[in-house]
Amino acid sequence: MINQLLLVAEVISAISVLIGVIVGFCKVLKWCKNITEGERCHLRSDMLHTYYRHKNAKRIRQYERENFDKLYKAYKALGGNSFIDDINDEVTSWEIDS
């Protein structure tokens, strides 16, 4: 009888620890999701800033274009939606100033 009670107590203790680990892991996943979403927003903002600064002239400096390309790749790698695809297509058609 005492052995059975000890076994039940050990199982309950193990389950409690497992639940704690799962809850902690979920908090980390939510934190990572929030960081990813924020980074995606920041990348999109930087690309739009570059776009609106040069859209009338339809010319872009070479280093800005290279930076825009890197921002776009990072944005898409983080699961960015197709909103920025049209912007990217337009920017890639602009003349490059060296």
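Heads up: numbering here begins at 1 and tracks the sequence.
- For Asp69, the side chain to side chain donor-acceptor pair (under 3.5 Å) partners two or more places apart in sequence, or in a different chain, are Arg65.
- In this view, Asp46 satisfies the salt bridge (Lys or Arg N to Asp or Glu O under 4.0 Å) rule with no residue, not counting sequence neighbours.
- Between Tyr51 and Ile84, every side-chain heavy-atom pair lies at or beyond the 4.5 Å cut-off.
- The shortest side-chain heavy-atom distance between Arg53 and Thr50 falls under the 4.5 Å cut-off.
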I'd like a table of donor-acceptor pairs (distance under 3.5 Å, sequence neighbours excluded) in which one partner is a side-chain atom from residues 37-45, with atom names and distances.
unit_1: Arg40; atom_1: NH1; unit_2: Leu78; atom_2: O; d: 2.7
unit_1: Arg44; atom_1: NH1; unit_2: Tyr75; atom_2: OH; d: 3.2

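- Not counting sequence neighbours, Arg61 has no partner by the side chain to side chain donor-acceptor pair (under 3.5 Å) test.
- Within the 4.5 Å cutoff, the side chain of Trp94 has no heavy atoms near those of the Arg59 side chain.
- Every residue was checked against the side chain to side chain donor-acceptor pair (under 3.5 Å) condition with Lys73, not counting sequence neighbours, and none meets it.
- Distance CE/Met47 to CG/Asn67: 10.0 Å, rounded to 0.5 Å.
- We find the CD1-CG distance between Ile87 and Leu48 to be 6.0 Å, quoted to the nearest 0.5 Å.
- Under the side chain to side chain donor-acceptor pair (under 3.5 Å) criterion, Lys70 pairs with no residue, sequence neighbours left out.
- In summary, Lys55 and Glu90 do not engage in a salt bridge, as defined by a charged side-chain N under 4.0 Å from a carboxylate O.
- Judged purely by distance below 3.5 Å, without hydrogens or angles, the side chains of Tyr72 and Asp85 pair a donor atom with an acceptor atom.
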